[in-house]
Amino acid sequence: MSAYDTAPGVAAAIDAFKLPEKLGFGLVNAPVMFSAEWHDGCWGRGQLLPYGPIEVWPGSRALQYAELVFEGLKAYRVGQSKPSLFRPEENCRRLQRSAERLSLPPVPETLFFAGIEAVTSACSAIMPTRSGQSLYLRPFLFGTESGYLLRNSVSFRFMVIANPVEAYVSGVMNVAIERTDVRAAVGGIGAAKAAANYAASLRASSAAIARGHTVALWLDGTEHRYIQELSGMNVFAVIDGELHTPELDGAILPGITRDSLLMLSRSRGFKVHERRMAIDELLAGIQKGRVSEVFACGTAAIVAPIAVLADSDGHEYEPAHTDVVARQLRDALLAIQERRAPDEFGWTKEIATTK
Ligand code: COI
């Protein structure tokens with residue numbers, strides 16, 4: 001018996017789908033989605049459906065109180081007949097940790113995999129196949145109960161939607177250092193992949209984009225001094241030839257790409273440091289030439305070079321190199337993700353196809 005049901009219209013939705021030439025990131029929706037509901041203390045059976053609007057109570061806690069956590073992972077089919085996923089069990093574990101932090105019922109591993117495999121398998125014939133492209137999977141879990149009482153919902157929904165995508169950023173990034181707003185503080189929900197963290201970042205991100213920057217760089221919520229992450233990406237610096245990245249302090253999202261780069265770098269002989277990194281130290285290091293490169297990473301962004309760090313006082317800091325170590329790491333990571341290189345860490349998982 002299949003691990004999920006398939007609704008009428010799925011095959012027709014896939015047949016009718018045409019992959020556009022230009023994908024962007026999150027602009028093109030895959031024609032199917034997965035949904036399962038939690039009522040009376042247990043999960044119901046999942047269903048694969050044609051992609052479309054869903055019914056949600058206007059008073060649901062997901063809408064009123066941001067009772068929503070999500071994940072992002074990619075399925076690849078570059079030069080392969082079958083799609084593969086990259087470290088999906090890490091996304092499953094992180095979704096469970098995020099759910100635990102917001103006190104939502106964890107999505108069991110079997111249901112999480114039923115959802116991501118159902119969508120990946122159904123979409124395998126329409127997945128983009130060029131290097132750097134992929135099918136981005138967005139699993140999410142939210143409270144559906146209507147009511148303003150400040151407690152968790154008693155009903156929930158787990159869904160997986162998907163998008164054929166290119167990398168989130170193209171070219172080099174110009175980053176705006178955010179000195180006023182705070183994305184997350186220790187003791188809050190920064191380490192959870194919670195929609196509310198992204199909401200907290202949107203004002204500064206929109207303002208940064210309006211000023212011509214690519215993305216905002218977040219500092220800690222207590223002293224506004226230590227680097228946390230970029231909106232939707234973790235950050236690395238090459239200092240005196242060694243790799244440095246902010247340590248996971250409870251307010252930073254523990255990125256799976258971040259973890260993969262740490263493992264890859266160590267295996268390639270790089271010295272790697274996870275530590276508190278003050279923004280002033282980084283900027284002084286760029287001026288003195290000790291910080292030769294700064295780059296970002298994430299599932300959506302892969303490994304994205306940073307050309308400029310712009311401070312709120314108008315000063316701009318340009319590391320001597322823009323895409324040297326970043327490129328090496330991106331090439332090595334992408335080659336494993338796209339299964340063009342041996343999977344030395346056992347990170348990829350092939351998915352059976354329905355067609
Ligand atoms: C991801 O990389 O999966 C994210 O959630 C980041 C977002 C900016 C797309």
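FYI, the numbering just counts along the sequence from 1. In each ligand, atom 1 is the first atom listed, and ligand 1 is the first ligand listed.
Listed for the Y65 side chain is a donor-acceptor partner under 3.5 Å among the backbone atoms of Y148.
By the 30° and 60° cut-offs, the orientation of the rings of H273 relative to H244 is parallel. In this pair, Y4 and F34 present their aromatic rings perpendicular. The plane angle is above 60°, beyond the 30 to 60° band.
Side chain to side chain, S205 and S231 meet the donor-acceptor criterion of an N or O pair below 3.5 Å. Side-chain atoms of T144 and W57 form no donor-acceptor pair, as typed in the model, at a separation below 3.5 Å.
Under the salt bridge (Lys or Arg N to Asp or Glu O under 4.0 Å) test applied with R275, the options E281, E242, E247 reduce to a single match, E281.
Contacts of ligand 1 (protein heavy-atom distance under 4.0 Å) are F25, F70, G72, Y136, R138, Y168, K193, G232, T299, A300.
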